[in-house]
Amino acid sequence: MSIADRRAALAPRRKQSPVNTANEDGAGPAGRPAALLAWYDRHRRTLPWRPPAGTPADPYAVWLSEIMLQQTTVRAVGPYFAKFLARWPSVADLGAASLDDVLRMWAGLGYYSRARNLHACAVAVATQHGGRFPDTEEGLRALPGVGPYTAAAIAAIAFGRRTMPVDGNIERVVSRLYAVEEELPKAKPRIKALAETLLADSRAGDSAQALMDLGATICTPKKPACALCPFMEGCTARLRGDAESFPRKAPKKTGELRRGAAFVVVRGDSVLVRTREAKGLLGGMTEVPNSEWLAGHSDAAARAQAPQLSGVTRWHRKAGVVTHVFTHFPLELVVYTAQAPSGTRAPAGMRWVKIATLADEALPNLMRKVLAHALD
DNA sequence: CACCCGTGGGT
DNA sequence: TACCCAAGGGT
């Protein structure tokens, strides 16, 4: 039976019995949880951290994937998830690792406070919870790096708790379904309450993942595929014809361009590097010496912040610039290179690392760009 | 509450 | 091109 046939067959029945028939065919509000799960059972995505349908999820894998997926695409997470699980098969293994090893493995994925909290969380679970994750939303919420969304997601997906995590996908689906006019983030409580009405009596984790899959594949930010949506008939925004305008939110302001200089000093087969402060931007990550990054920073002012090394007198400016875009500002770095005589000491707080082993360092992508530009 | 915090891909 | 967006959390 085609979808059109099914709709044609079901439509009259709703009219015959005005009270609760809508609950059974899934088109009315009370029937949505069942319709959602039916859609999920046919169209659920196969993902590395998602076990086969009907089989229990491993809390460690769920937690690891949820942390990695925060503000990060499924595609980007895939290889990192596999690497982490292969190297640290259990939360106790991860807790026993050094933070630096974790940062090195995380390098390139971004939002490095997640990696620091990931490690702290693994230590806490291993040492304070006997290697097992708390199985309640409240218990999970107390762990480092686990906020309201992640606590609800783990509770529902790994432990079957009847709670609805609300992520960006679900905010979009729900705000369209009910045409929520209030802007984010003010609308969050309302959207949360509406999302909870989509929870099935059992299979809470599948209800949540179904909404996320729906948001990722059908109810997309641009050009949603409404014709394929299980909620098509009852979606207020689609009926109004402006689904794409939801969720409402204030436009973000783009940050001002900042400029600076990076200094790549080569001594034989090594490069001079240092470690950034533990917190803040790129906290705890490895970098080459560089100037402050300031809006309107002149090339001369930036260059004047080069590190002082005995034996290094001539800086060579590489042609072009390295550009990078952070969440709240774009950055343009001029790159200078210099050769240091063999035996040159690294200044305080800096060290020499072999160029051949740079790939193993906790280098954020910005610094990989700088080094690639300098050593090209 | 507003801001900070990476990176890559899509339109 | 210049945005927008992605399974958000911390402060």
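Chain identifiers are assigned alphabetically (A, B, ...) following the order of the sequence lines, protein sequences preceding nucleic acid strands; residue numbering begins at 1 within each chain.
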Can you classify the ring geometry of His324(A) versus Phe326(A) as parallel (below 30°), tilted (30 to 60°) or perpendicular (above 60°)?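 Perpendicular.
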Any idea how Trp293(A) and Phe329(A) line up, ring-wise: parallel (<30°), tilted (30 to 60°), or perpendicular (>60°)?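 Trp293(A) and Phe329(A): tilted rings.
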Check the distance between [N]'s [atom2] and [X]'s [atom1] and give it to me in whole angstrom.
| X | N | atom1 | atom2 | answer |
| --- | --- | --- | --- | --- |
| Trp106(A) | dG9(C) | CH2 | C1' | 12 Å |
| Lys188(A) | dC1(B) | NZ | C1' | 13 Å |
| Trp63(A) | dA7(C) | CH2 | C1' | 15 Å |
| Lys252(A) | dC3(B) | NZ | P | 13 Å |
| Tyr149(A) | dA6(C) | OH | P | 12 Å |
| Lys253(A) | dA2(B) | NZ | P | 9 Å |
| Leu140(A) | dG9(C) | CG | C1' | 15 Å |
| Phe81(A) | dA7(C) | CZ | P | 17 Å |

Heavy atoms under 4.0 Å, any strand shown: does [X] hit a base, just sugar-phosphate, or nothing?
| X | result |
| --- | --- |
| Arg50(A) | base |
| Arg45(A) | base |
| Ser65(A) | nothing |
| Trp49(A) | base |
| Leu47(A) | base |

Please determine if Lys354(A) and Asp269(A) form a salt bridge, counting it only when a charged side-chain N lies under 4.0 Å from a carboxylate O.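 Answer for the salt bridge query: yes.
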Determine, for Arg161(A) against Asp135(A), whether the closest basic-nitrogen to carboxylate-oxygen distance falls under 4.0 angstrom.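 Counted as a salt bridge, because a side-chain N and a carboxylate O are separated by less than 4.0 Å.
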Which value, in whole Å, describes the distance between the [atom1] atoms of nucleotides [N] and [M]?
| N | M | atom1 | value |
| --- | --- | --- | --- |
| dG6(B) | dT11(C) | P | 14 Å |
| dC4(B) | dA7(C) | P | 24 Å |
| dC3(B) | dC4(C) | P | 16 Å |
| dC1(B) | dG8(C) | C1' | 16 Å |

Any non-hydrogen side-chain atom of Trp106(A) less than 4.5 Å from a side-chain atom of Leu118(A)? yes
Indicate whether any N or O donor in one side chain lies under 3.5 Å from an N or O acceptor in the other, for Arg240(A) and Ser245(A). no
Readout for nucleotides 5-11 of chain B: B = base within 4.0 Å of protein heavy atom, S = sugar-phosphate only, - = neither; 5' to 3' it is BBBSSS-
What's the closest nucleotide to the Asn169(A) side chain, out of dC3(C), dA6(C), dG9(C)?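 Ranking dC3(C), dA6(C), dG9(C) by closest atom to the Asn169(A) side chain puts dA6(C) first.
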For the side chain of Ala216(A), starting at C-beta, report the closest nucleotide among dG10(C), dA7(C), dC3(B).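 Closest nucleotide to the Ala216(A) side chain: dA7(C).
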Assign each of Pro144(A) and Val74(A) to its nearest nucleotide of DNA chain C by heavy atoms, then name whichever residue's nucleotide is nearer the 5' end.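 Its nucleotide being nearer the 5' end, the pick is Val74(A).
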Return the 5'-most residue of the pair Leu143(A), Leu69(A) with respect to DNA chain C, ranking by each residue's nearest nucleotide.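 Looking at DNA chain C, the more 5' nearest nucleotide goes with Leu69(A).
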Quiz item: cation-pi between Arg32(A) and Tyr178(A), 6.0 Å / 45°: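 Yes; both conditions hold, so Arg32(A) lies above the ring face of Tyr178(A).
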Can you tell me the pairing partner of dA2(C) across any strand shown, Watson-Crick or G-U wobble, with both distances under 3.5 angstrom?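 Checking every strand shown, dA2(C) finds its partner in dT11(B), with both distances under 3.5 Å.
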Drop me the distance from Leu69(A)'s CG to Phe81(A)'s CZ, to the nearest 0.5 angstrom.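 Reported to 0.5 Å precision, the distance equals 9.0 Å.
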